[in-house]
There are 2 protein chains.
Amino acid sequence: MPDRTKFILDEKSIPAQWYNIQADLPEPLPPPLHPATGNPVGPDDLAPLFPMELIKQEVSTERWIDVPGEILDVYKLWRPTTLFRAHNLEKALDTPARIFYKYEGTSPPGSHKPNTAVAQAYYNEKEGIKRITTETGAGQWGSALSFGGACFDVEIKVYMVAISYHQKPYRRIMMEAWGGKCVPSPSNETNAGRTMLEKDPDSPGSLGLAISEAVEEAVSREDTHYSLGSVLNHVLLHQTVIGQEAKEQMEMAGFYPDIIVGCVGGGSNAAGMYLPFLKDKIDGKKPDLRIINVEPASCPTLTRGPYTYDFGDVAGMTPLLKMFTLGHDFIPPPVHAGGLRYHGMAPIICHLHNLGLVEAVSVHQLETFEAGVLFAKTEGIISAPETNHAIRAGIDEALKCKKSGEAKTILIAHSGHGHVDMAAYQAYFEGKLHNYDYPEEKIKESLSHLPKVGD
Amino acid sequence: MPDRTKFILDEKSIPAQWYNIQADLPEPLPPPLHPATGNPVGPDDLAPLFPMELIKQEVSTERWIDVPGEILDVYKLWRPTTLFRAHNLEKALDTPARIFYKYEGTSPPGSHKPNTAVAQAYYNEKEGIKRITTETGAGQWGSALSFGGACFDVEIKVYMVAISYHQKPYRRIMMEAWGGKCVPSPSNETNAGRTMLEKDPDSPGSLGLAISEAVEEAVSREDTHYSLGSVLNHVLLHQTVIGQEAKEQMEMAGFYPDIIVGCVGGGSNAAGMYLPFLKDKIDGKKPDLRIINVEPASCPTLTRGPYTYDFGDVAGMTPLLKMFTLGHDFIPPPVHAGGLRYHGMAPIICHLHNLGLVEAVSVHQLETFEAGVLFAKTEGIISAPETNHAIRAGIDEALKCKKSGEAKTILIAHSGHGHVDMAAYQAYFEGKLHNYDYPEEKIKESLSHLPKVGD
């Protein structure tokens, strides 16, 4: 193993400000619209769901937003995270490329999610909110928010998609260990849940329905707000601690990335990594920097969807967001990377993609696990199925370098470990996983349900 | 959160030597004996199982043993590990005590085990060995050795206790992700396994039988050795990287521990932490340092067993080791801390305990989970059930400080995260766990089978 493997920062280097890309966009972000009126959504529309400080962050064009000391104190439990040079992976690939990865898996819940969960719990508590509801699919976000709630004594209520609640109990028990309350959705606790249970007592649930339940409970109780773990501007903002640290660490390593890759579902992890670097591209300092968003071939939002206004949720309860989308009622095939099964994408990423500032590729499930197993055998870390998408794309770029002989510098956003996802690896090893074809007919159908603005 | 939370070392601070307590023992360690002759076991007796370099380390009285560069390069993937000040836990306990913990859970398999697994794989590979067999209960050790094997291209074959193989698949799949081969024990691959399967085709297996199978395969193949994950002197030696780093980090923090606590099954994690500190006590520099080994009340080796020669395994295939023991055929109650369910204890720890240099306490299962949940809610980390024993004892000492008003410094050896052990937490939350009484009759019975030396 030549030269250094790890680039470690002292806790004094945890970023004291979040970086807000909205200050540096060449064109402003299209605003969210009210579905009934077609007018931009105002703070008052959002106040029943979010604390005012987060609503302000959502629309702020200030370049730097201070991280409160109380949040920094919690970040210290695992931040700064380590940047690694993937010497062993480079050797296995026999590539002249330099591969780096920044690893978010050492956080208490094992992923990047608490970077925003902690901040959201803090701002809610500060404005007197005692409870937060949210939804979760496989449980990454629900466990991270439960951890955040434990840090600031905020009660967390998680509506977990029923089929995952029963099939994947580990994440649910993590929520409980941090004091969160987790119920299967559909539940008997909301109108939306009861209506579904009357129709189908054995309903497996869906993320869309879980959102409906969480939002319904939040708007119906004075002491309760709602929280989202990706997509929104303030979520991406909080995640920029990743990229700011990575910039300092790449300087320690003596290289500036030619290519940054990150997996995208809602997009917060990838954007958190690349937005601070993207500023250099926008400023003209690094015009050749390539940024690649990696999505599942079975849910190819950026690579195949149109750029248009759509609902953020399946049930159509959110404001309309200008996004690349596969249609809000598109249900992606059951790939194991549950965190990437989202019909839309963070509006900031979509805007950047539309402006040609970032790229997107899609990769198939089997190829991502193949990449993940090679990564485990060379770099030691067993990665989350979502993260394997980023690793796949990083390896593909490194193999292109092998062909061309170029020594490019590739930076992979590594969003978390896979210790709670071993069932997915089991299915892979047993030959039970397969790739999914592009679901053309289903997407055509769901795109025919796109809302008309002001409808 | 007042002052610093984390004490981070650069990778240049990874110890370049292991510390060998055998150089500083006030009296030499009683040697292992051959069960048939009663004579001390020589290198030739061990050569079919272990590489000569490890056999040398087992009996060495050199104080410092160099860590080969190839092992240091792998250590860099996660070492040095972080030392934390548990400010939030202190606050929750309202104690004047200062609590620190050193966290080994950021290693690829999530525990301290790879510190020795990597070293053992390296020395075997260097002596031309292509395969290593081992046994594993819940799977921590089997997964760590599979990781070690992946680092040095050594094939790892793990005999996993059948009931765990079927009930706890996650660790097994981790082994496979690192290229290890895992079979349920009893298996059809050895005489020991076949004999058992003829008697009972549905045998759930036992750790003792898994050892027998692993040893049988190792002695029957020229290219194959055997590996043990705890108990032996060279294993404790490799783990001293923990304590050496901790000493440097406690200096950064400005405190020397008054009390060190660690959980003990075979004892390698606790000893790895405290042996480098213990040198100061033996040297007379820190005469008041207290070292507490924490064991399950249901498997109270140090607190209730006699100090005598016994087999290291259930089947009676190993040399006789001078240990505190509950009898080699004692089967501990099924507590969830599988890594602590061992009838004996590392001979070094037993010798130190016999000399009065270290203490031991036993704690009940429910109290350990209670401590683990408080730790998760305050410090964020969900700990392995084994680790919860150390946390329990650390909290108990901090509560004594609260009563006495003393501001003692307590250092907890935190051996790993519990992300793969959530089923144990589930059972705890659902009220399905209970405490086990001291199994007096069973231990009386197994102690009646102690071997007679030279028998």
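Lettering of chains follows the sequences in order, A, B, ..., and the numbering in each one begins at 1. Please read these numbers as outputs of a predicted model, since none were measured by experiment.
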> Under 4.5 Å between any side-chain heavy atoms of Trp78(A) and Thr82(B), yes or no?
Replying inline: no
>> Tell me which of these, Arg171(B), Arg79(B), Lys12(B), Glu70(B), has more heavy-atom pairs under 4.5 Å with chain A than the rest.
In response: Arg79(B)
>> I'd like to verify something: which residue of Val420(A), Val373(A), Ile381(A) has the highest number of heavy-atom pairs under 4.5 Å with chain B?
In response: Val420(A)
>> Counting heavy-atom pairs closer than 4.5 Å to chain B, which one of His417(A), Lys377(A), Lys6(A) comes out on top?
In response: Lys6(A)
[atom1]-[atom2] distance between [X] and [Y], expressed to the nearest 0.5 angstrom:
X: Met174(A); Y: His419(B); atom1: CE; atom2: NE2; value: 3.5 Å
X: Arg85(B); Y: Lys76(A); atom1: CZ; atom2: NZ; value: 12.0 Å
X: Arg172(B); Y: Phe429(A); atom1: CZ; atom2: CZ; value: 11.0 Å

> What parts of residues 104-116 of chain B touch chain A if we use heavy atoms and a cut-off under 4.5 Å?
Replying inline: Thr106(B), Pro108(B), Pro109(B), Gly110(B)
> Is it the backbone or the side chain of Tyr170(B) that comes under 4.5 Å from a heavy atom of chain A, or both, or neither?
Replying inline: both
>> With a 4.5 angstrom heavy-atom cut-off, is it the side chain or the backbone of Leu72(B) that approaches chain A, or both, or neither?
In response: neither
Please name the pair of heavy atoms, one in [X] and one in [Y], separated by the smallest distance, quoted to 0.1 Å.
X: Gln426(B); Y: Ile173(A); result: CB-CD1, 3.2 Å
X: Ile8(B); Y: Ile8(A); result: CG2-CG2, 3.3 Å
X: Phe84(B); Y: Leu77(A); result: CE2-O, 2.9 Å

> Can Arg4(A) and Asp10(B) be counted as an ion pair, charged N to O under 4.0 angstrom?
Replying inline: yes
> Which residues pass the salt bridge (charged side-chain N to carboxylate O under 4.0 Å, His left out) test with Glu155(B), sequence neighbours left out?
Replying inline: Arg131(B)
